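For reference, the structure discussed in these notes is given below.
On a predicted model such as this, the values are computed, not experimentally measured, just so you know. Hydrogens, waters and symmetry mates play no part in the numbers below; they use all other heavy atoms, side chains included.
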Amino acid sequence: MDDPEQDSGAYGHLHSLLARRIRDGEYPAGAKLPTEAELAEEFGCGPETAARALRALQRDGLAKRVLRKGFFSFGPPDHPG
């Protein structure tokens, strides 16, 4: 994606979708999130766009990056209580 406008839209869409998946429990707390390459393939975006969305999830407190392992969800627990 060479067009910055298009990249910005893809990043925002991807970030919103992943945040919703985390909040809805599709990625419960501690679940490994897809890699940048996996997200790029699934959503037809560049890996940098996917990486930017994952970093934004970390800034939002919805994910944590673990060195050499990837990003993990800080979403709701797998089961209540």
ask   = Between Ala19 and Leu62, which heavy-atom pair has the shortest distance, and what is it?
value = CB-CD1, 3.7 Å
note = Heavy-atom nearest pair, Ala40 first then Ala50, reads N-CB, 4.3 Å
From [atom1] ([X]) to [atom2] ([Y]), nearest 0.5 Å:
X: Tyr11; Y: Arg55; atom1: OH; atom2: CZ; result: 9.0 Å
X: Leu33; Y: Tyr27; atom1: CG; atom2: OH; result: 6.5 Å
X: Ser73; Y: Lys64; atom1: OG; atom2: NZ; result: 13.0 Å
X: Asp60; Y: Leu18; atom1: CG; atom2: CG; result: 11.0 Å

inquiry  = Within the 4.5 Å heavy-atom criterion, are Cys45 and Leu39 side-chain neighbours or not?
reply    = no
request  = Please list, chain by chain and in numerical order, all residues satisfying side-chain hydrogen bond (donor to acceptor under 3.5 Å, both in side chains) with Asp24, sequence neighbours excluded.
outcome  = none
query = Who are the side-chain hydrogen bond (donor to acceptor under 3.5 Å, both in side chains) partners of Arg23, not counting sequence neighbours?
reply = none
Pairs where residues 30-43 contributes a residue and the test salt bridge (charged side-chain N to carboxylate O under 4.0 Å, His left out) is met, not counting sequence neighbours = Arg21-Glu42
task = Go through the structure and list residues passing side chain to side chain contact (heavy atoms under 4.5 Å, CB included) with Arg68, not counting sequence neighbours.
result = none
remark   = Gln58 meets the side chain to side chain contact (heavy atoms under 4.5 Å, CB included) criterion, sequence neighbours left out, with Arg65, Phe71
ask   = Hydrophobic clusters join Ile, Leu, Val, Met, Phe, Trp and Tyr when side-chain heavy atoms are under 4.5 Å apart, directly or via other members; which others share one with Val66?
value = Phe72
message = Same cluster or not: Leu54 versus Phe74, using hydrophobic residues (I, L, V, M, F, W, Y) connected whenever any side-chain heavy atoms lie under 4.5 Å apart?
response = no
